[in-house]
There are 2 protein chains.
Amino acid sequence: MNPLMSSISDPAATLRFDSGQLIQEAGDAGSAWRVANGVVRFDAINPGGEPTYAGLAMEGDIVGADTLLFGRCSFRTTALTPCELVPWPGAAQAERDSLLNALMLGERRAARVVALRSGQAVERIRRLLGVFLPQATPAVFSTELPPLRDMAEITALTIETVSRTLSGLRRQGVIEPESERRGNGRKSCRIMTDLLGTT
Amino acid sequence: MNPLMSSISDPAATLRFDSGQLIQEAGDAGSAWRVANGVVRFDAINPGGEPTYAGLAMEGDIVGADTLLFGRCSFRTTALTPCELVPWPGAAQAERDSLLNALMLGERRAARVVALRSGQAVERIRRLLGVFLPQATPAVFSTELPPLRDMAEITALTIETVSRTLSGLRRQGVIEPESERRGNGRKSCRIMTDLLGTT
DNA sequence: CGAGCGATTGAACCAGGTCAAACGGGGTGG
DNA sequence: CCACCCCGTTTGACCTGGTTCAATCGCTCG
């Protein structure tokens, strides 16, 4: 977490979510949050009622801006990786700049999200792995990956292709499985940053 | 154009762009604008210097929010269809609400942009055609389509596939070419709204 | 133990990509 | 005025990366 972030956050007010956990349901009353770390997934609920992948939010992004205007949020929001959210806008900063900053980050995040559906399967997955890395990138980063189903929806590939691609990357040594596993059964893996290519 | 829009806009300050025209170059000093109508394309300039498609902005969206913070814009911005931009934030509205509204629209626009790379080729192109329609949708709408190259980059298809798909839709009567042509040689076409399917 | 769910792997198929050729219209120069 | 070129588009034929379908595995939980 970068210094700016931590200086703004009130540790007491931080919300923590495990991967896969629901953050806000579409239509719920709620409030706005800033993503302090981790990756969050949006789903639009289409007329039929089924959710469809609608984008990602990552470090610095705002989720639930619409609750501030309408009192209800329009997207289902779930944690893709373990993540922390802080109330927004924070008391510590000028509201105007906070808003502007959010707006700008939104543009960039959108660009990155689009890129996750560009190019061949391997490139997409490499880029997606890059999304899970924190801003200050260590040489090797250990994290828990979301279910293949999520990765498939985000990249517009199929589960099978994602699985095959990850196997390939494992063979190349770009990622390696961690021996220890979490209580809930999700496996974590190590990502070799330098082998990922430009994020 | 909806009533809210027009009440806010100062007609004198409106900027008009033709399709294909450059609005802002990445790195330029500039200012922020709201899209009053039309569709605008963002390109990120990657380290090599080549632009890559990074998203769209449409009616209500803000372009160049980052110039307000940094004085320079980070994306190349070009008009995809003829469009009009008005200075932002407009004097007529409370800045806070204007910002919040922009933030919210940004989320939604991002979701729509992602959807343009989802599903089969025909669905993608249908959705893309939907993007060119104004908010209040007439039964048949006549517009000038962007070059195939753009449509291909936006949908993550190839030019050839876009061409074939459009031919198919033409055969089905979803779109039909207009006889008259514009001065600059670009063809316009009629879109049969009811045959498009849900946008 | 068996049911259930996610992940993995194999094999066949196909939607879309790739390569190539041809068209059309606008602009330029002779 | 015509000849030529340039560039975007269209169409055809072939090829392939990724999807689809299906079988298996491993793990968790009742």
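Below, read A as the first sequence line, B as the second, and so on, with proteins coming before strands; counting in each chain starts at 1. The figures that follow rest on heavy atoms only: side chains count, while hydrogens, waters and symmetry mates do not.
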For the helix from C:dC1-D:dG30 to C:dG30-D:dC1, what is the angle between the axes at its two ends, each from 5 pairs, rounded to 10°?
30°

Take atom CD of A:E160 and atom C1' of D:dC21, then tell me their distance rounded to the nearest Å.
9 Å

Partner residues of B:A121 under the side-chain contact (heavy atoms from CB on, under 4.5 Å) criterion, sequence neighbours left out
B:L157, B:T161, B:T165

Is there a donor-acceptor contact under 3.5 Å linking the side chains of A:T155 and A:R127?
no

Residues forming a salt bridge (Lys or Arg N to Asp or Glu O under 4.0 Å) with A:R76, sequence neighbours excluded:
A:E25

A:L145 CG to C:dT8 P, in whole Å, measures 10 Å

Anything under 3.5 Å between a protein N or O and an N or O of nucleotides 15-17 of chain C, put it in a table, one pair a line.
| unit_1 | atom_1 | unit_2 | atom_2 | d |
| --- | --- | --- | --- | --- |
| C:dG16 | OP1 | B:A121 | N | 2.7 |
| C:dG17 | OP2 | B:T158 | N | 3.2 |
| C:dG17 | OP2 | B:T158 | OG1 | 3.0 |
| C:dG17 | OP2 | B:T161 | OG1 | 2.4 |

Residues in residues 165-172 of chain B with a heavy atom under 4.0 Å of DNA chain D, by number, are B:S167, B:R170

A:T137: which residues meet the side-chain contact (heavy atoms from CB on, under 4.5 Å) condition with it, sequence neighbours left out?
A:L133, A:T193

Integer-rounded Å distance: D:dT10 P and B:I159 CD1
11 Å

Residues in side chain to side chain donor-acceptor pair (under 3.5 Å) with B:E176, at least two apart?
B:R190

Decide whether A:E144 and A:S19 meet the rule of one side-chain donor and one side-chain acceptor closer than 3.5 Å.
yes

Of all pairs that satisfy salt bridge (Lys or Arg N to Asp or Glu O under 4.0 Å), the ones with a partner from residues 40-58 of chain B, not counting sequence neighbours:
B:R41-B:D43, B:R41-B:D150, B:R41-B:E153

How close or far is atom P of D:dT19 from atom CE of A:M151, stated in whole angstroms?
14 Å

Residue pairs passing the side chain to side chain donor-acceptor pair (under 3.5 Å) test where at least one lies in residues 102-111 of chain B, sequence neighbours excluded:
B:D61-B:R109

Residue pairs, two or more places apart or on separate chains, that pass salt bridge (Lys or Arg N to Asp or Glu O under 4.0 Å) and touch residues 156-172 of chain A
none

Apply side-chain contact (heavy atoms from CB on, under 4.5 Å) to A:A111 and list each qualifying residue two or more places apart in sequence or on a separate chain.
B:A54, B:F75

Residues 64-72 of chain A, side-chain donor-acceptor partners within the protein, below 3.5 Å, at least two apart:
| unit_1 | atom_1 | unit_2 | atom_2 | d |
| --- | --- | --- | --- | --- |
| A:D66 | OD2 | A:S74 | N | 3.0 |
| A:D66 | OD2 | A:S74 | OG | 2.3 |
| A:T67 | OG1 | A:G64 | O | 2.6 |
| A:R72 | NH1 | A:G27 | O | 2.8 |

Between A:L148 (CG) and C:dC5 (P), how many Å, whole number?
16 Å

